[in-house]
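Values below: all heavy atoms of this structure, side chains included; hydrogens, waters and symmetry mates excluded.
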Amino acid sequence: MAFIPPTGSDTIPFVIKVNNPYGGTIKAPTIKAEFWKEGEQTSSAGHAATVTQLTDLANSTPAPTPPASPVEVKGTIPVSSSDKPTTASGKWTLKVTVTPDGATAPVDSKEATFEVKAATRVNGASVSPNPVTLKSGKEVDVFVAFELEKSGDEKVTDVRLESKSYDDYFSLSTGLETDGKSYHDSASFDYSTSTGSWQLKITVTRGSKTYSFVKGFEVRKSGSSKATSKIKMTASPTKVKKGKTTKLSGKVYRGSAGWNKKIMKLYFKKKGTSKWSFVGYVGATSTGNFSKTVKPKYTGYWRLSATGTSSTYGSYSNYKLVTVK
């Protein structure tokens, strides 16, 4: 099943069978694959797909006999969240050409259409009340709602309310209402619940893929004079060559003003993993502005944290994806 990812980029795998790819030679042929998205004309230049070439059998001595026809060749088609189909299930076209070693023109060409479904979406995610105000000796009911926009076999596999700064969370049910798309549940917070920045995290699986959707909210204590904090961060550029740098910059706030000379922690998470690794410290100016140049080794996510104090709640910045090419 092929579908557009809700965020970032992904690949769509394909397998083709090629008849007589060697054309009487013992060297691997050149196999080219290109594709066209829904609405694009195949008479125009296509987008390049990645193909796993056949092994060059001529490197062996004595040279073995080329494998019998047909031969399976695997490849991948890049897809990103910006690829929005004009219909719920868009038709894309894949074309594969085979040119034997030494030949000046392809000897085989095949076209196939395949369906690319729309991205999974979570709409209208809400946490009420927001902020959550904790009261001594009382429980506060916190209500969660959202709507799952399905375009395939999506399943909600985890829903939780979790603190961004502490190991504190509430697990909720994963079942949808009878309409198959609406969700409602609640949790009870008491006075011992951690304060500060929290988030609603919704985990959805679709085929072999897993996606998470988040919605932030605040938890406070009644009568507390502590100020809230937030960090806004950007990365530029978001695509770099290996060995090159990118700049992480933005502003850290205490209340509505810049947090004077706040020292923050910088974290990195390699794409495809779940573990955040501490990288170093980033200091803000007297107005809360900050800038840090980093040299990414891998494609992944960056974020900052501001540790809370007796007078200010802690917070995390937004995630920023930097792709290393």
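Taking the six-membered ring where the residue is Trp, W198 and F189 present tilted rings, their angle falling between 30° and 60°.
Annotation for A306 and I231: closest pair N-CD1, 3.6 Å, computed over non-hydrogen atoms. Residues T205 and T157 come closest through the heavy atom pair OG1-CG2, 3.3 Å. The two residues F35 and A49 make their nearest non-hydrogen contact at CD2-CB, 4.1 Å. When all heavy atoms are compared, the tightest approach of A125 to F146 is CA-CB, 3.7 Å. Heavy-atom minimum distance, W302 versus F268: CE2-CD1, 3.3 Å. Across every non-hydrogen atom of S305 and Y316, the tightest pair is CB-CE2, 3.4 Å.
At a threshold of 4.0 Å, the pair R160-D158 counts as salt-bridged, since one of the basic side-chain nitrogens sits closer than that to a carboxylate oxygen.
Remark: side-chain polar atoms of K110 are paired, donor with acceptor, to backbone N or O of K17 under 3.5 angstrom. The main-chain N or O of T309 is never found under 3.5 Å from a side-chain atom of T312 such that the two would form a donor-acceptor pair. Remark: side-chain polar atoms of T299 are not paired, donor with acceptor, to backbone N or O of T323 under 3.5 angstrom. Panel note: side chain N318, backbone M233; a donor-acceptor pair is recorded below 3.5 Å. Between the side chain of N130 and the main chain of E218, a donor-acceptor pair closer than 3.5 Å is present. Listed for the D185 side chain is a donor-acceptor partner under 3.5 Å among the backbone atoms of S173. Between the D83 side chain and the S80 main chain, a donor and an acceptor come within less than 3.5 Å of each other. No donor-acceptor distance shorter than 3.5 angstrom exists from the side chain of T76 to the backbone of T11, with no hydrogens or angles considered. In this structure, S229 contributes its side chain and Y313 its backbone to a donor-acceptor pair below 3.5 Å. Between the S81 side chain and the P5 main chain, no donor and acceptor come within less than 3.5 Å of each other.
Taking a 6.0 Å sphere around OH of Y169, one finds it holds 12 or fewer heavy atoms contributed by other residues, nucleotides or ligands. In the displayed structure, K295 atom NZ is contacted under 6.0 Å by at most 12 heavy atoms of other residues, nucleotides or ligands. Atom NZ of K201 has 12 or fewer heavy atoms from other residues, nucleotides or ligands within 6.0 Å.
Partners of Y191 under the ring-ring contact (aromatic ring centres under 6.0 Å, His included) rule, at least two apart in sequence or in another chain, do not exist in this structure.
Separating the OG1 atom in T285 from the CG atom in N260 is a distance of 8.0 Å, to the nearest 0.5 Å. Rounding to the nearest 0.5 Å gives a distance of 3.5 Å between OG1 of T120 and CD of E154. Distance check: E40 CD to T42 OG1 gives 10.5 Å after rounding to the nearest 0.5 Å.
A side-chain hydrogen bond (donor to acceptor under 3.5 Å, both in side chains) with D141 is found for exactly one of S186, S188, S128, namely S188.
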Could you go through the side-chain hydrogen bond (donor to acceptor under 3.5 Å, both in side chains) check for D168 and S194 one step at a time?
CA-CA 7 Å; D168 197 358; S194 301; 3.0 Å; yes
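Taking the centre and axis of the six-membered ring of Y301, the NZ or CZ atom of K269 falls inside the cone set by 45° and 6.0 Å. Remark: R206 is positioned above the aromatic ring of F3, its terminal NZ or CZ atom under 6.0 angstrom from the ring centre and at most 45 degrees off the axis.
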